[in-house]
J.: 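Got a structure for you, questions after.
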Amino acid sequence: MKATPLPQRPIGVLSSLTTGLDAIIQSWWIILFPLALDALLWFGPRLSISDLAKSMVNEYGADLGDVWGEALLEGAQRFNALSLLGSTPLGIPSLMAIKSPILSPLGNPLMVQVSNPSSWMLLFFAFTIIGILLGGVFLGLIAQIIRDGQSDPQRLLRLLPRYWGSMLLFILIAMLALVGIAIPIALVLTLLSSLSSAIAALVLWAAAIMFMWAIFQLVFVVHGMLLREEPLRDAVRHSMKIVTFSAFPTMILFLLLVGISSGLGYIWSLPDEGSWMQLVGIGGHAIISSSLVAATFVYYQDRYRYWQELSLILSPSNHDGDKRQ
């Protein structure tokens, strides 16, 4: 009986990174998304909440304490509500959203104070939702480039409402799950801390590890929704399968992503925010961040292909026969 040949092994982590970079270089226009967002945050108006933070510190300063009050004021001084448009990891990557500049080479930008808490909450939700919509366009185009070798804006616009809805639903469910898990854990820790601080610390560490593992299981949900155009339920299921199937290389991939993003992010931020040299950092960040995003799609696509083909060989009767429509 002729042995069934094994499928071609999946692409490695380093090859995923280089393939993602090549894809972005060939479709260079994709970096216009992070470039445009960074230009808006650098040169555009600033929606500041510093006055709102001052009123909060004046009213609740005794409860916050001096350290927390000063930290709140300092953070609010640099915060620009428009930075919520870069809702990473589901949005457009932005260097200026992280750096939060208060100066530009053109001088001080227009400052608009958001002093009303209700207005701030409205802006928070509006910009976050819009940021996820823009992220759906950015990530959807990258998914098309990796999957098909070219973009199809008309198809993307047709499917964008579904992408957007699935991404919002994913975030909502994740937040509700986090709250539902955090509350009983907090109650248990409060009870244990009154009995033994050592046991409470041990339980806290165990809960943190379980939480990180749960988050890790879901790192490819968006990839399934955009690359394979799956509903949220199937995207979650397949993300968990791929992570479990390739746990170690997937962990290496994301450790490299964090390391590269953090290291180069520090370098890109070295120029003074009031200097035109910051353009070098913005350009470098746009290229590298887009390439890293593309690398995750490359990795997921080939790992899914390998897992599916191997499952068909090992358990043909149990294979779910998932095909992209």
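One-based numbering along the sequence shown. Here the structure is a predicted model, which is why all the values come from computation and not from measurement.
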J.: Is there a path from L110 to F79 through hydrophobic residues (I, L, V, M, F, W, Y) whose side chains come within less than 4.5 Å of each other?
T.: yes
J.: If you look at every heavy atom in A207 and I185, which pair is closest and at what distance?
T.: CB-CD1, 4.0 Å
J.: Roughly how far, to the nearest 0.5 Å, is the CG atom of L159 from the CE atom of M225?
T.: 13.0 Å
J.: Mind checking whether F297 and H223 have parallel, tilted or perpendicular rings, split at 30° and 60°?
T.: tilted
J.: Is there a side-chain contact between S50 and Q113 (heavy atoms, below 4.5 Å)?
T.: yes
J.: So, does R147 use its side chain to make a donor-acceptor pair with the main chain of L227 at under 3.5 Å?
T.: yes
J.: Apply side chain to side chain contact (heavy atoms under 4.5 Å, CB included) to residues R237 and E230 and explain how you reach the verdict.
T.: CA-CA 10 Å; R237 181 165 57 91; E230 298 174 329; over 6 Å; no
J.: Are L95 and W42 close enough that some pair of their side-chain heavy atoms sits under 4.5 Å apart?
T.: no
J.: Is the centre of the W307 ring less than 6.0 Å from the centre of the F220 ring?
T.: no
J.: Looking at every non-hydrogen atom in both residues, tell me the closest pair between I287 and S291 and how far apart they are.
T.: O-OG, 2.7 Å
J.: Looking only at the side chains, is there a donor atom on one of S16 and Y300 sitting less than 3.5 Å from an acceptor on the other?
T.: no
J.: Report yes if the side chains of F33 and V137 come closer than 4.5 Å at any heavy-atom pair, otherwise no.
T.: yes
J.: Taking all heavy atoms of A23 and all of I146, pick out the closest pair and write down the distance.
T.: CB-CD1, 3.7 Å
J.: For P153, does its backbone N or O pair with a side-chain atom of S151 as donor and acceptor, under 3.5 Å?
T.: no
J.: With sequence neighbours excluded, what pairs up with Y163 under the ring-ring contact (aromatic ring centres under 6.0 Å, His included) test?
T.: none
J.: How many angstroms lie between atom CD1 of I171 and atom OG1 of T128, to the nearest 0.5 angstrom?
T.: 8.5 Å
J.: Would you call Y299 and T296 a side-chain contact if the rule is heavy atoms closer than 4.5 Å?
T.: no
J.: What do you reckon, is CH2 of W29 surrounded by more than 12 foreign heavy atoms closer than 6.0 Å?
T.: yes
J.: Quick one: list whatever passes ring-ring contact (aromatic ring centres under 6.0 Å, His included) with F43, sequence neighbours left out.
T.: W276
J.: Among I92, L37, L32, whose side chain to side chain contact (heavy atoms under 4.5 Å, CB included) with F138 holds?
T.: I92
J.: How long is the straight-line distance from CZ of R155 back to CG of L160, given to the nearest 0.5 Å?
T.: 13.0 Å
J.: Does a side-chain heavy-atom distance below 4.5 Å link S94 with L41?
T.: yes
J.: Does atom CE of M277 have more than 12 heavy-atom neighbours, drawn from other residues, nucleotides or ligands, at distances under 6.0 Å?
T.: no
J.: Under a 4.5 Å side-chain heavy-atom rule over Ile, Leu, Val, Met, Phe, Trp and Tyr, are M240 and I173 clustered together?
T.: yes
J.: Kindly write out the residues that satisfy ring-ring contact (aromatic ring centres under 6.0 Å, His included) with F125, not counting sequence neighbours, or none if the list is empty.
T.: none
J.: Could you check F245 against R303 for side chain to side chain contact (heavy atoms under 4.5 Å, CB included), going step by step and ending with a plain yes or no?
T.: CA-CA 9 Å; F245 180 72; R303 292 281 160 169; 5.7 Å; no
J.: What closest approach, in Å, do S115 and D51 show between heavy atoms, and which atom pair accounts for it?
T.: OG-CB, 3.7 Å
J.: List the steps, then state whether side chain to side chain contact (heavy atoms under 4.5 Å, CB included) holds for E273 with R78.
T.: CA-CA 12 Å; E273 62 190 37; R78 301 193 67 90; 2.6 Å; yes
J.: Treat each ILVMFWY residue as a node, draw an edge where side-chain heavy atoms are under 4.5 Å apart, and state whether L47 and L122 are in one component.
T.: no
J.: Please report the interatomic distance CG(L172) to CG(L176), rounded to the nearest 0.5 Å.
T.: 4.5 Å
J.: Answer yes or no: does atom CE of M210 have more than 12 heavy-atom neighbours from other residues, nucleotides or ligands under 6.0 Å?
T.: no
J.: Are F248 and L255 in one and the same hydrophobic cluster, where Ile, Leu, Val, Met, Phe, Trp and Tyr link if side-chain heavy atoms are under 4.5 Å apart?
T.: yes
J.: Flag the pair Q8 / Y306 as yes when at least one side-chain heavy-atom distance between them is below 4.5 Å, and no otherwise.
T.: no
J.: With rounding to the nearest 0.5 Å, note down the distance linking CD in Q144 to CD1 in I30.
T.: 9.0 Å
J.: Do side-chain atoms of Q278 reach the backbone of W268 as a donor and acceptor pair under 3.5 angstrom?
T.: yes
J.: Quick one: closest heavy-atom pair of A97 and D38, and the distance?
T.: N-OD1, 4.3 Å
J.: Kindly determine whether L14 and L256 satisfy side chain to side chain contact (heavy atoms under 4.5 Å, CB included), including the steps that lead there.
T.: CA-CA 9 Å; L14 294 180; L256 282 175; 4.3 Å; yes
J.: Quick one: do L21 and I252 end up in the same hydrophobic cluster if we chain Ile, Leu, Val, Met, Phe, Trp and Tyr together by side-chain heavy atoms under 4.5 Å apart?
T.: yes
J.: I'd like to check T244 versus Q217 (side-chain heavy atoms, cut-off strictly below 4.5 Å). Are they in contact?
T.: yes
J.: Do Q308 and P7 have side chains that approach each other closer than 4.5 Å (heavy atoms only, starting at C-beta)?
T.: no
J.: Please check this pair: side chain of H285 against backbone of G281, looking for a donor-acceptor N/O pair closer than 3.5 Å.
T.: no
J.: To the closest 0.5 Å, what do you measure between CD1 (I24) and OG1 (T19)?
T.: 12.0 Å
J.: For the residue pair M167 and L139, what are the closest heavy atoms and their distance?
T.: CE-CD1, 4.3 Å
